[in-house]
Amino acid sequence: MLQKLNSLTVESEDFALVAKRAQRFCPFEAIGMVRQEIRHSNFLSYLLDPARPHELGAVALQALLSLLTDGELAGYQGSNLANARVWRERDHIDLLIEIPVKDEQGMVIAIEIKVDALEREAQLSDYAQKVRRRYPVGSWKHLFCFLTPDGRAGVTQGADEWQSLSFGDLLRKIELSINSVGLSGEGVKLFAYYHTMMKRHNIVQDPSDPKLEQAVSAIWAKHKETLDFLLAHRPDPVSDVLRELDARQTEVSSRLEKECRERIQADSKYGRYRRFSFPNLANSCPNLFLGNTGWVASGSQLVLELTVEQEEVVVSFCVGPEEDMKGKESDFRSRLIKEMNRVSGEDKKVAKGARHFWRSPLLTWSDFEDEDQKTHLKILEDKLMLFLETHLGDVRQAVQAACSSQDNK
């Protein structure tokens with residue numbers, strides 16, 4: 001097998017070509033952006049905002065509009081686009097773009113971005129209602145865009161028309177617009193880096209490089225056995241660090257308790273889920289631990305949850321599902337979700353499924369480069385500590401408020 005690996009990596013001209021294309025520097029990959037929706041939203045909000053200093057003007061925004069309106073831009077172009085305003089997370093919507101038109105009906109575009117995640121219950125229909133409340137129909141024309149790698153249709157849009165758009169269609173349209181206008185400069189380079197990253201990681205399908213396609217096909221034809229071996233033995237550092245966490249959970253919990261001044265107990269683990277509860281909160285709020293023991297052994301209705309998604313460890317505070325709950329426990333859970341919405345600024349529905357707050361990547365593939373498992377666990381601890389320091393105070397406040405409101409009912 002060593003000889004075959006040498007034949008693949010050293011002697012193969014096809015492999016050298018693919019490696020050269022794959023190993024180009026990309027600033028977006030350097031910050032771990034590839035599958036993080038928040039960072040895609042941040043960059044696209046910058047790109048689509050004509051007021052930002054990227055030297056592209058309204059080219060990107062006009063490209064988006066032409067896709068959503070079949071080229072019928074009417075008055076929404078030129079100087080009107082220059083006055084557009086782009087909002088991030090306004091009413092929790094990924095991107096909200098206002099295009100005012102003097103003495104006429106303006107336009108607002110709501111964009112929801114999904115890379116890997118699925119929609120939450122009624123998400124798109126909820127967002128459409130918020131847009132209508134903030135931007136009345138008489139004064140604003142509404143466009144709703146669901147942006148995904150494959151251009152799939154949204155399943156929670158209700159009666160509203162959310163147009164499906166793929167990253168590939170949007171980025172190709174922007175690229176064509178940039179080329180047709182003849183733009184150059186740092187902004188164009190930055191867009192090219194982003195577009196290349198999206199193609200390299202197959203978020204955007206790219207059939208435009210026949211030499212690369214031929215090289216990939218030749219590699220698989222000649223070295224299938226070797227490639228299958230590599231895939232079967234692919235390292236899984238995320239699982240490794242979770243196993244290390246399991247082996248040292250008492251030590252890790254003690255450090256977190258000391259730093260956060262709150263008892264933290266390893267509660268339940270299932271597959272790639274790790275959940276931690278806060279036993280001392282039962283002293284002031286017994287209702288917190290009257291939840292579903294089939295979900296976590298302690299019955300806590302709120303836990304700190306770690307899980308693995310797309311080669312990342314993701315962290316959140318999670319209110320558990322409403323299964324086998326009776327009146328008192330269910331009532332407390334509803335109040336807890338409402339209080340967690342209040343302290344987090346999120347807008348989770350009170351529904352039967354689990355509800356996650358401040359959900360974000362904690363450990364990514366880039367954290368695993370050139371480090372051993374012990375260091376990986378230390379990185380995980382440090383980031384988890386920061387997460388707790390940032391949000392645990394608000395969690396305590398939400399628990400106490402939910403408990404007090406139920407006691408005073």
Side-chain angles (χ1 to χ4, degrees), residues 91-92 117-127 129-130 155-156 158 253 256-257 260 262-307 309 314-360 362 384 387-388 390-409:
D91 292 328
H92 305 295
L118 300 177
E119 303 152 61
R120 66 164 173 78
E121 184 179 353
Q123 183 174 14
L124 298 182
S125 59
D126 286 349
Y127 288 170
Q129 291 177 19
K130 290 177 180 179
V155 297
T156 63
S253 295
L256 295 177
E257 289 176 2
C260 296
E262 181 69 62
R263 188 179 171 202
I264 299 173
Q265 175 178 296
D267 203 316
S268 294
K269 67 177 182 178
Y270 174 75
R272 291 197 165 193
Y273 290 89
R274 302 294 184 273
R275 298 183 177 117
F276 300 80
S277 54
F278 305 90
N280 285 354
L281 293 181
N283 298 330
S284 56
C285 187
N287 290 333
L288 180 64
F289 284 81
L290 296 178
N292 178 12
T293 55
W295 183 60
V296 288
S298 68
S300 179
Q301 295 206 45
L302 182 140
V303 297
L304 174 72
E305 182 179 276
L306 301 180
T307 185
E309 295 181 7
V314 177
V315 64
S316 66
F317 278 100
C318 179
V319 177
E322 185 183 14
E323 294 181 9
D324 302 322
M325 284 189 184
K326 298 179 181 179
K328 185 177 181 180
E329 294 87 347
S330 178
D331 180 61
F332 174 78
R333 179 181 179 276
S334 298
R335 293 175 182 276
L336 180 58
I337 291 174
K338 292 175 182 177
E339 291 298 333
M340 288 293 287
N341 278 332
R342 178 181 62 81
V343 298
S344 68
E346 299 184 43
D347 188 21
K348 308 293 185 182
K349 277 186 169 293
V350 178
K352 292 185 177 181
R355 292 291 175 262
H356 297 84
F357 297 88
W358 297 297
R359 191 169 180 277
S360 57
L362 188 69
L384 190 55
F387 182 83
L388 288 168
T390 303
H391 301 300
L392 188 54
D394 288 329
V395 170
R396 292 192 190 103
Q397 184 186 125
V399 170
Q400 295 303 325
C403 200
S404 298
S405 62
Q406 188 177 46
D407 291 341
N408 295 329
K409 187 176 177 183

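None of these values were measured; they are calculated from a predicted model.
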Side chain to side chain contact (heavy atoms under 4.5 Å, CB included), paired with F278, selected from V395, L288, L304: L304

Closest contact, heavy atoms only, F276 versus A266: CD2-CA, 3.5 Å

Shortest non-hydrogen contact from F357 toward I337: CZ-O, 4.0 Å

Residues, nucleotides or ligands: over 12 heavy atoms within 6.0 Å of F387 CZ: yes

Considering all heavy atoms, the nearest A122-S125 contact: O-OG, 3.0 Å

Exercise: identify the closest heavy-atom pair between S268 and V296: OG-CA, 3.4 Å

Euclidean distance, E339 CD relative to S344 OG, rounded to 0.5 Å: 10.5 Å

Residue pair Q397 / Q400, side-chain heavy-atom distance below 4.5 Å: no

Side-chain donor or acceptor of E119 paired with backbone N/O of L124 under 3.5 Å: no

Heavy-atom pair of closest approach, residues T293 and G299: CG2-CA, 3.9 Å

Sole residue of D394, L302, V399 in side chain to side chain contact (heavy atoms under 4.5 Å, CB included) with M340: L302

Residues forming a side-chain hydrogen bond (donor to acceptor under 3.5 Å, both in side chains) with D267, sequence neighbours excluded: S277, S298

Interatomic spacing from CD1 in I264 to CG in N280 - rounded to 0.5 Å: 10.0 Å

Pairs involving residues 283-297, ordered by first then second residue, that meet salt bridge (Lys or Arg N to Asp or Glu O under 4.0 Å) (sequence neighbours left out): none

Shortest non-hydrogen separation from S300 to W295 and the atoms involved: O-CZ3, 3.6 Å

Under 3.5 Å: donor-acceptor pair, side chain of R355, backbone of K349: yes

From SG (C260) to CG (L392), nearest 0.5 Å: 6.0 Å

Nearest-0.5 Å distance, CG of residue L336 to CG of residue N341: 10.0 Å

Approximate separation, where rounding is to 0.5 Å, of R274 CZ and K269 NZ: 5.0 Å

Under 3.5 Å: donor-acceptor pair, side chain of R335, backbone of A401: no

Residues, nucleotides or ligands: over 12 heavy atoms within 6.0 Å of K338 NZ: no

Parallel, tilted or perpendicular, as decided by the 30° and 60° cut-offs, for the rings of W358 and H391: parallel

Backbone of H356 reached by a side-chain donor or acceptor of K348 within 3.5 Å: yes

Side-chain ion pair, E262 and R396, N-O less than 4.0 Å: yes

Atom pair CG/OH of D347 and Y127 - distance to nearest 0.5 Å: 8.0 Å

Side-chain donor/acceptor of Q265 to backbone N/O of P279, under 3.5 Å: no

